[in-house]
Every structure is written in structure tokens, then in C-alpha cells.
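What follows is a set of notes on a single structure, which appears directly below.
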Amino acid sequence: MAVDLNMPVLIVDDYKTMLRIIRNLLKQIGFNNVDEATDGKAALEKMQQRKYGLVISDWNMEPMTGLELLKEVRADESLRPTPFIMITAESKTENVIAAKEAGVNNYIVKPFNAATLKTKLTSVLGDF
Amino acid sequence: MSRSEATELKGCIEALKAEGDRSLSAGELSDIIGEVARTLTADLGPLGTQTVTVEAPKGEPSGDSDSGAALSALTDIGTIDQGQGPLADLWHELDEIRLVTQDAAAKYLACAEGVENIAERPDLEADDQDMFAHMATNMFEAASFQDLTGQRLTRIGEILRQIEFLVASAKADLGDSSAASIVGTLSDDLEKTEHRKVEYILHGPQEAGTGNTQEEIDKILASFD
């Protein structure tokens, strides 16, 4: 089944520049229904109001990190199935393992390119 | 003993001699002794209450002036919250860099979005549309510099706070009570920052060779399958 490009996507980052970059790259791919949050707590509140087909999140944010957000999402029965991609400057092995063990679907290290984003989206959502 | 007092005592002794072998009464003798004692102690001044100041000869260090100079130098460094001194100046410069790069990134992204809009023009040839779209993509990717420099600036800010704590600790050790009163707070703040880093595995951007590349990360993820 082809991916619904109109599905709502939530992007989470405390840097507004990065939100704008990811939004534009998603738009180039075809995703135009994009919401934003500037930290994990705000993202969780949005997720409790609206069903998202994908979450793309940074790691280092306050008051709630991306790792905490991921754990909250996987702990919530209604949110658990949500595909979750981490996009972060955290590149140490222990970070990748912690995210994977917390249930991340894929992991992109900053700085990244559009081709990598598209590859990871395909890997998580399927072909589009 | 003053000249007049000496003269007075001498005159008293001479007068006694002139009287011959007359025996001195106890009262006369005590008066003379008392007069001598009084004149002698008057010259000595109040003993035990004077402060002795020893000035070190030029070129030789004294313990007190070393500590004073060190404390003065540390005080000149200032604190971030006081807004004065090189530490506060550095903090201010970091803030300026943050604002300038944020502004530059926003303008740059606006240009990138403009190029993207050109790529979507229906009157353009397909090849030209692709060219402008590719240009816009490259510009979007490049704009991530602001996120990475921002994280580095945050790290520099943390280091400045550590320096501020070390300076305050040194001043407290040298007897500065105002510094001693803030050392605890600075220490608590640093501890909270470090605790958060450990709890949430926050290392920040890594130099090439110290973190994993995307390819290496993909291998780690694949190892779980």
C-alpha cells in the first residue's frame, strides 16, 4: 500500500531553523501536512490531540528530550504504533543503542542530507 | 625625661646633700623614687598597645600582599551575572554570535525557499525546474550549520560557568565572603547540568572520528534485526 503523503507528520526540534529545514525537505518529497513542536513535552501534548502518521524528533531539548518523548510514546498504548525517527547530533554508539532499545524506527545523524531523509522515510513508511 | 624634669630632680638631690648627713624620711625617699619612676615611664609611652608594622624591603614578597594581589586579580575576572569583566564579556559575545547566526540562517532559508518557488514555476523547462529544485535542496541542507554552531555555543557557555565556579571557589579560599556565598549555588547548577547530561546521554556534536557516521549508525541498527 502506497504511503499517504497527506498524513499528518509531527517534527520536533528546539531550533526553529531546523524545523524549517525539515519542513521544506518534507515538502520537496511530497509531505505537506506538517506540524511542529519545540520540545518533547509540547510534542506529546500535540500527539494526545491529533493522530500523527510519523514523528521526526531531535534528541537534546528541554524540558523533555527526544529520548524521553520516544519512551512516553512507546509507553502509551494509543501512541505506541507511531513511527518515530530520531534526527540528532548525538552520534555515540550508546545513543543509538539507547534509542533503538527505546523503540526508535530509524536514526539520522546531523548534519544530514535530503537523500538520507528520503531513504529513512521509505525504510520506515514504505515506498512513495 | 625632659630637661626641666631632670633639672628639678637634680635640684632635689643637691638640696638634700646640702643638708648634710640628715637622714631622709621614708616619705621623702618614696617621693624621690616615685618622681624618678614617673619621669622614666613617661618616656617609654604606652607599651603593648602599639601595632608593629614591618615594611618589607622592596623586591621581597610578603605573604599578605601575595594573597591580596591574587584576590584582586580574580575579582577583576568578574562574574557572568554581574555583567562586568572578561567573563561577562565572553558570555555577551556568545549571545551575539548566537543571534547573528540565527538571523543569517533565517535569511538564508528565505533565499532557499525563494529558489524552491522558482523551481515550481510551470513555465520553466523540466531540466531548469530540476536544477532549481536541486539548488534549493543544497541550500536547505547547508542551513543546518546554525543548529550545530548553536549546540557548540551552548557547550562553550557551560564551560564559562565552570570557569566562573572555579574563580569563585579560589576567591572563597582566599577569604572573600561574597564569593563564598555563591559557590554553593554555582556548584549546584553545574551538578544539575552534568546530571542531566548523564541521565539523558547528551554528548553533543562530535569531531570527525569520535562519533559514528550515518553508515556506522545504520550498521548498529541493523545488528538488532
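By convention in this document, chain letters (A, B, ...) are assigned in the order of the sequence lines, proteins followed by strands, and residues within each chain are numbered from 1. In this text the structure is predicted, and so the values were computed from the model without any measurement. Computed from heavy atoms alone, side chains included, the values below leave out hydrogens, waters and symmetry copies.
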Exercise. More than 12 non-hydrogen atoms from neighbouring residues, nucleotides or ligands closer than 6.0 Å to NZ on A/Lys41, yes or no?
Worked result: no
For this session: Would you mind reporting whether B/Glu216 and A/Val96 have side-chain heavy atoms less than 4.5 Å apart?
Result: no
Exercise. Taking only heavy atoms into account, what residues of residues 68-77 of chain A are found under 4.5 Å from chain B?
Worked result: A/Glu68
Seminar exercise, completed: Between B/Ile201 and A/Glu94 the two heavy atoms that sit nearest each other are CG2-CD, 3.4 Å
Exercise. Does a sphere of radius 6.0 Å around NZ in A/Lys100 hold more than 12 heavy atoms from other residues, nucleotides or ligands, not counting ones at 6.0 Å or beyond?
Worked result: yes
For this session: Identify the heavy atoms of B/Gln214 and A/Ile108 that sit nearest to each other, and give their distance.
Result: OE1-CA, 3.4 Å
For this session: Look up atom OH in B/Tyr200 and atom CG in A/Asn60, then write down how far apart they are to the nearest 0.5 Å.
Result: 11.5 Å
Exercise. Side chain, backbone, both or neither: which part of B/Ala222 has a heavy atom under 4.5 Å from chain A?
Worked result: neither
Problem set entry | Over all atoms of both residues, closest heavy-atom pair of A/Ile21 and B/Phe140 | CG2-O, 3.5 Å
Seminar exercise, completed: Heavy atoms of A/Lys92 and B/Thr210 approach each other most closely as NZ-O, 3.5 Å
Problem set entry | Check: A/Asn95 and B/His203 side chains under 4.5 Å, non-hydrogen atoms | yes
For this session: Answer yes when B/Glu116 and A/Lys27 have at least one side-chain N-carboxylate O distance shorter than 4.0 Å, and no when they do not.
Result: no
Problem set entry | Distance-minimising heavy-atom pair for A/Ala115 and B/Glu141 | N-OE2, 4.5 Å
Exercise. With only heavy atoms counted, which part of A/Asp13 is less than 4.5 Å from chain B, the side chain, the backbone, both or neither?
Worked result: side chain
Exercise. Can you tell me if A/Glu90 uses its side chain to pair, donor with acceptor, with the backbone of B/Leu202 under 3.5 Å?
Worked result: no
Exercise. Which heavy atom of B/Leu148 sits nearest a heavy atom of A/Pro111, and at what distance?
Worked result: CD1-CD, 3.8 Å
For this session: Can you measure from OG1 (A/Thr88) to CD (B/Gln151) and round to the nearest 0.5 angstrom?
Result: 6.5 Å
Exercise. Can you find a pair of side-chain heavy atoms, one from B/Thr213 and one from A/Val109, that are under 4.5 Å apart?
Worked result: no
For this session: Please flag which part of A/Lys120 lies under 4.5 Å from any non-hydrogen atom of chain B: side chain, backbone, both or neither.
Result: side chain
For this session: Report the C-alpha distance between A/Gln28 and B/Thr137 in whole Å, list the side-chain angles of each, state the deciding distance to 0.1 Å, and finish with yes or no for side chain to side chain donor-acceptor pair (under 3.5 Å).
Result: CA-CA 8 Å; A/Gln28 286 191 324; B/Thr137 301; 2.7 Å; yes
Exercise. Which bit of A/Thr93 comes within less than 4.5 Å of chain B, counting heavy atoms only: side chain, backbone, both or neither?
Worked result: both
Problem set entry | Which atoms of A/Thr116 approach chain B - backbone, side chain, both or neither, heavy atom under 4.5 Å | side chain
For this session: Tell me, for B/Ser223 versus chain A, whether the close heavy atoms (under 4.5 Å) come from the side chain, the backbone, both or neither.
Result: neither
Exercise. Can you tell me if A/Thr17 and B/Asp147 form a side-chain donor-acceptor pair at under 3.5 Å?
Worked result: no
Problem set entry | Exceeds 12 heavy-atom contacts within 6.0 angstrom, atom NZ of A/Lys51 | no
For this session: Take atom CD of B/Gln206 as the centre, draw a 6.0 Å sphere, and report whether it contains more than 12 heavy atoms from other residues, nucleotides or ligands.
Result: yes
Exercise. Should A/Glu101 and B/Phe224 count as side-chain neighbours, where that means a heavy-atom distance under 4.5 Å?
Worked result: yes
